[in-house]
Each structure stands twice: as C-alpha cells, then as structure tokens.
S.K.: 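The following block contains the structure, expressed as structure tokens.
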Amino acid sequence: MAAARTLVELFYDVVSPYSWLGFEVLCRYQHIWNIDLRFRPAFLGGIMQATGNKPPAMLPKRAEYLLKDIKRMGKYYQVPVQISADDFQRILGKGSLGAMRFITAIDMTQPQFLEPVSREFWIRFWSQHEDINQPASILAVARQAGLSSEQAQKLLEMVSSPAVKNRLKETTEDAIKFGAFGMPAVVAHYNGEQHLFFGSDRLELLGSVIGEKWLGPVPSLPSPKM
Ligand SMILES: N[C@@H](CCC(=O)N[C@@H](CS)C(=O)NCC(=O)O)C(=O)O
C-alpha cells in the first residue's frame with residue numbers, strides 16, 4: 001500500500017522575498033516528495049501585528065546583511081529576486097493588502113491559478129520593482145498569469161467583499177494558531193503532529209522530519225516511468 005501523502009501548508013505573502021524562495025522550492029519538491037502542497041495566502045502585516053514582531057530590516061545592521069543574504073539566496077535557489085536598499089522602504093510603505101486580497105479571491109474561486117498568479121505578483125514586485133496594489137497593476141498580473149480580462153475583472157470586484165476580507169483574516173489567524181511569527185511559515189502534518197518551520201532555509205529540515213530526501217534547492221525531476 002502506498003504511504004499516505006504528507007500535507008504541507010505554505011503560508012506566504014508576496015511582500016516577502018523569502019516567501020518567494022520557499023514557494024519556488026516547494027513547487028519543485030511537490031513533484032518529487034510524497035506531499036500534498038497547500039498554498040495558504042496570508043497577510044504578513046497581520047502576523048507581525050498580532051505577534052508583536054517587526055520587519056527584520058528595521059534593524060539597520062540586519063538590513064545590510066539581508067541585502068546580501070537575499071541576493072545570494074536568490075542566486076543559489078535560482079529565483080530572480082532583485083533587491084536594493086530602497087526595497088525596504090517600499091515594503092513598509094504600501095505593503096501588500098491589495099495583492100493578497102486578490103490572491104485570496106483566486107484561492108476561493110480559481111485555485112488552479114493560485115500558483116501562477118502568486119508567482120507573477122512576486123515577479124512584478126521583486127524582479128520588476130513595480131506596484132502590486134493598484135487595480136491596473138493587479139489586472140496586468142492576472143493577464144500575465146493567463147486569466148482572461150473578464151475573469152480578472154470579476155475577481156477584482158470581489159476584492160473588497162467581506163467574504164474575501166474575512167478569508168484572508170482567517171488564513172492569517174490560522175498561521176498564527178500554528179505558531180507563525182513571520183514568513184514563509186510551513187506547516188507539515190506528519191504522524192498525527194503539526195510541525196511548524198520558519199524560513200525558506202528550513203526546507204531541508206522539513207524533508208528530514210517527514211522522511212524525504214533533500215536534493216538541494218534546484219532538484220532535477222525524476223525521469224518519467226517507461
Ligand atoms: N532565514 C529565513 C528568513 C525569513 C525572513 O526573514 N522572513 C521575513 C519576511 S521576508 C520575516 O517574516 N521575518 C520575521 C523574523 O525574522 O522574525 C529564510 O531564509 O527564509
């Protein structure tokens with residue numbers, strides 16, 4: 001009998017570059033490990049507020065380090081994140097509420113687009129350094145991810161509905177209940193227990209806990225069975 005698949009939940013926000021790194025690696029491993037990957041778009045600002053945490057770049061010495069760390073990690077993980085000192089201001093300024101509400105609307109109605117839409121938001125914010133909250137920006141992302149203009153327009157209309165706002169709030173609360181204080185937060189349900197991991201640099205450890213082999217951040221896919 002085949003072993004049961006491990007449910008792995010990824011709580012992320014597109015304002016978080018480390019979430020992008022974790023997202024891409026888990027997207028790769030969902031085809032290799034015996035896991036069901038569940039995307040849980042949540043609001044990092046809400047997690048920070050509820051836990052009393054602060055964006056790590058608010059400490060100037062850490063901000064200096066993070067610039068280097070994210071550049072090196074992007075190269076190592078093969079994720080095209082581009083970061084400069086101005087980005088920390090951008091994060092603190094506009095945040096990601098518009099984008100995360102749109103992604104939540106996708107999660108509720110067109111989950112098959114969750115992966116490409118989330119990725120396109122990261123590309124727009126972290127590779128192209130453009131806005132992700134204005135309606136025109138959101139429509140451009142949706143088009144890029146393969147949604148029709150009618151679909152995108154409908155989803156955009158949903159963004160300010162109580163249903164979408166509540167769902168984003170609930171997902172954020174779920175992350176906090178699991179113990180999250182930042183992102184990416186990864187929760188593996190294994191052997192009747194919940195294991196929380198913080199960070200894109202804890203996926204090797206995740207593999208070890210759930211009995212899966214770590215093949216580096218850019219694993220090659222197994223060859224198809226003949
Ligand atoms: N070492 C972690 C760092 C992750 C990280 O700093 N995430 C930020 C958001 S981009 C955060 O939520 N930080 C909260 C904290 O460090 O307490 C990784 O490689 O992913």
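Counting starts at 1 for both ligands and their atoms, following the listed order.
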S.K.: Counting non-hydrogen protein atoms only, what is the nearest one to atom 16 (O) of ligand 1? Give residue, atom name and distance.
M.R.: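 Nearest neighbour among protein heavy atoms for atom 16 (O) of ligand 1, to 0.1 Å: F198 CZ, 3.7 Å.
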
S.K.: Please write down residue, atom name and distance for the protein heavy atom closest to atom 12 (O) of ligand 1.
M.R.: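 Protein heavy atom with the smallest distance to atom 12 (O) of ligand 1: M183 N, 2.9 Å.
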
S.K.: If the plane angle is over 60° it's perpendicular, under 30° parallel, otherwise tilted; pick one for F39 and F23.
M.R.: tilted

S.K.: Sort out for me which residue in W20, W122, F43 forms a ring-ring contact (aromatic ring centres under 6.0 Å, His included) with Y12.
M.R.: W122

S.K.: Show me which atoms of ligand 1 lie under 4.0 Å from any heavy atom of G199.
M.R.: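 Near G199, the atoms of ligand 1 are 2 (C), 18 (C), 20 (O).
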
S.K.: S200 to ligand 1: N or O pair under 3.5 Å?
M.R.: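 Yes, S200 has an N/O under 3.5 Å of an N/O on ligand 1.
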
S.K.: Give the ring-plane orientation class for H195 versus F197, where under 30° counts as parallel, over 60° as perpendicular and anything between as tilted.
M.R.: parallel

S.K.: Which residue and atom name correspond to the protein heavy atom nearest atom 17 (O) of ligand 1, and how close is it?
M.R.: N53 ND2, 2.9 Å

S.K.: Can you check which of P17, A185, P56 brings a heavy atom nearest to atom 13 (N) of ligand 1?
M.R.: P56

S.K.: Should the pair E64-K61 be classified as a salt bridge under the 4.0 Å nitrogen-to-oxygen rule?
M.R.: yes

S.K.: For residues S200 and G22, report the shortest heavy-atom separation together with the two atoms involved.
M.R.: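 Heavy atoms of S200 and G22 come nearest at CB-N, 3.5 Å.
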
S.K.: What protein heavy atom is closest to atom 1 (N) of ligand 1, reported as residue, atom name and distance in Å?
M.R.: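 Checked against all protein heavy atoms, atom 1 (N) of ligand 1 sits closest to D201 OD2, 2.9 Å.
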
S.K.: Considering only the protein, which heavy-atom contact is closest to atom 10 (S) of ligand 1, and what is its distance?
M.R.: S16 OG, 3.1 Å

S.K.: So is M48 close enough to ligand 1, meaning a heavy atom under 4.0 angstrom away?
M.R.: yes

S.K.: Looking only at protein heavy atoms, which one is nearest to atom 18 (C) of ligand 1, and how far off is it?
M.R.: Y18 CD2, 3.3 Å

S.K.: Is any NZ, NE, NH1 or NH2 atom of the basic residue among E24 and R119 found under 4.0 Å from an Asp or Glu carboxylate oxygen of the other?
M.R.: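 Looking at R119 together with E24, the answer is yes, because their closest N to O distance falls below 4.0 Å.
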
S.K.: Taking CZ in R5 as the centre, count heavy atoms belonging to other residues, nucleotides or ligands within less than 6.0 Å. Is the count above 12?
M.R.: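 Result for CZ/R5: enclosed.
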
